[in-house]
Amino acid sequence: MKVSIIGATGRVGRAAAFCLAEENSVNKLVLIAREESLCKIEGESLDIYDALAAKGVYVSIKTSCDLKDIEGSNVVVLSAGVPRTPDMLRMELAVTNAKIIAEYSKKIAEVSPNSIILVITNPVDVMTYVALKASGFKKNKVFGLGNHLDSLRFKNYMAKHFHVHVSEIHTRIIGQHGPHMVPLISSTSIGGIPIEYYSAWDYFTGYKPFDIKKTIEEVINAGSNIIGKKGATEYGPAFAISNIVTTILNDENKILTVSAFLDGEIEGIKDVCLGVPVKLGSEGIKGILPIKMSENERESFMKASEVVKGNTEEIMEYLNLQDDP
Ligand code: NAP
């Protein structure tokens, strides 16, 4: 199984490379860098080889600035993009990154037409749409990381609050990877028991109430908070990427939340990429799960769709990429 990472010199790309190199299901890893960063990526691969030797693992790692080397990849992880500078508007960032994503997606389609594209670059819901249109791939083959990471963060906060193991929390965040993310509280359970069946949400906590609104604010700001403290998010996105990639490579049929192109499957929403629960496996998205939401959740999801669609239309108009998936 071959996985390629474009943007592998970046903090997310290289952390993902390290994580994926350890996975049994990955035999070949291709790390793509810009020509001026080739030396950096070579150093990264040598360091990873040393770590793998210590673990007794072997994977072939190719470093390159030639996109031809991604040929035959099962999955291409796309994390190239410019970071936002303080003087840059979000939309300016989106346009710059959209051009990078569109360019790479066209090349992926040329060189490795059977691969699955996993988009990481922000704003990820819009970038996923750009990658889908620019590659011309089918909608099940292009999706983005966003709400899977948000859901993991939400699980973490809940596990801490309720003093239970993180694996006992089943919850999901859908919608936008951004301020319009929607926690699916109506589908949340602890230890398999729906949260509404607990006599009090604060059952485990000595009656300290769980503040959903505050927790969601924390999830929304989790990335900026980490960036503010250490300069970048690395391990969280890297393990989330590894989860998604190995689910595909091992055809695991896990239900994960990824940014996917909607064609009316949920609330009739069409022509936008949003975080939704999907069944994932070797063909990519095998199906979008029809979900039932409370009225509040539905309203917030519709709002997320409206906002992301507006942003996407603005970017697409700019790029003028209007082909159907
Ligand atoms: P980073 O450390 O700044 O790395 C950016 C990468 O993009 C580097 O490999 C860089 O290559 C490359 N790059 C920069 N400008 C480029 C250009 N004009 N053309 C081609 N490649 C270019 O950023 P990061 O922390 O890894 O984050 C990468 C992206 O992922 C960002 O958009 C970030 O917001 C996003 N992200 C998304 C999630 C999510 O959940 N979806 C989570 C975390 C981060 P050089 O080394 O040659 O400069």
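Indexing begins at 1, ligand by ligand and atom by atom, following the structure's order. For this chain, numbers begin at 1 and follow the sequence in order. Heavy atoms only: backbone and side chains are in, while hydrogens, waters and symmetry mates are out.
Shown in contact with Val82 at under 4.0 Å from a heavy atom are these atoms of ligand 1, numbered in order with element: 15 (N). Of all atoms in ligand 1, listed by their number and element, those nearer than 4.0 Å to a heavy atom of Lys40 are 46 (O). Of all atoms in ligand 1, numbered sequentially from 1 with element shown, those under 4.0 Å from a heavy atom of Thr9 are 8 (C), 9 (O), 10 (C), 11 (O), 45 (P), 46 (O), 47 (O). Ligand-side atoms of ligand 1 in range of Leu149: 40 (O), range being under 4.0 angstrom from any heavy atom. For ligand 1, the atoms closer than 4.0 angstrom to any heavy atom of Leu145 are 39 (C), 40 (O), 41 (N). Every atom of ligand 1 with a heavy atom of Gly7 under 4.0 Å away is listed here by number and element: 9 (O).
With a heavy-atom cut-off of 4.0 Å, Ile100 touches ligand 1 through its side chain alone. For Ala80, heavy-atom contacts with ligand 1 shorter than 4.0 Å involve the backbone as well as the side chain. Of all the heavy atoms of Val12, the ones lying under 4.0 Å from any atom of ligand 1 are found in both the backbone and the side chain. With a 4.0 Å heavy-atom cut-off, ligand 1 is reached by no atom of Glu234.
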* Between Thr9 and Glu44, does a side chain to side chain donor-acceptor pair (under 3.5 Å) hold up when you go through it step by step? -> CA-CA 8 Å; Thr9 47; Glu44 201 63 45; over 6 Å; no
Handout entry: Test log, rule side chain to side chain donor-acceptor pair (under 3.5 Å), inputs Ser151 and Arg172
Key = CA-CA 5 Å; Ser151 302; Arg172 202 172 287 281; 5.9 Å; no
Using salt bridge (charged side-chain N to carboxylate O under 4.0 Å, His left out), reason through Glu110 and Lys107 one step at a time and then give a plain yes or no. CA-CA 5 Å; Glu110 254 172 61; Lys107 286 192 183 148; over 6 Å; no
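Considering backbone and side-chain atoms alike, Thr233 places every N or O at 3.5 Å or more from each N or O of ligand 1. The N/O atoms of Gly81, backbone and side chain alike, include one that comes under 3.5 Å of an N/O atom in ligand 1. At least one N/O-N/O distance between Gly10 and ligand 1 falls below 3.5 Å. Between Glu36 and ligand 1, no pair of N/O atoms sits closer than 3.5 Å. Ligand 1 has no nitrogen or oxygen under 3.5 angstrom from a nitrogen or oxygen of Pro237.
In this structure Lys303 satisfies the salt bridge (Lys or Arg N to Asp or Glu O under 4.0 Å) test together with Glu306, sequence neighbours excluded. Here Glu234 pairs with Lys230 under the salt bridge (Lys or Arg N to Asp or Glu O under 4.0 Å) rule; sequence neighbours left out.
Taking a cutoff of 4.0 Å between a charged side-chain nitrogen and a carboxylate oxygen, Lys309 and Asp271 do not qualify as a salt bridge.
The heavy-atom pair separating Ser79 from Gly13 by the smallest distance is OG-CA, 3.7 Å.
Nearest protein neighbour of atom 33 (C) of ligand 1, counting heavy atoms only, is Asn122 ND2, 3.8 Å.
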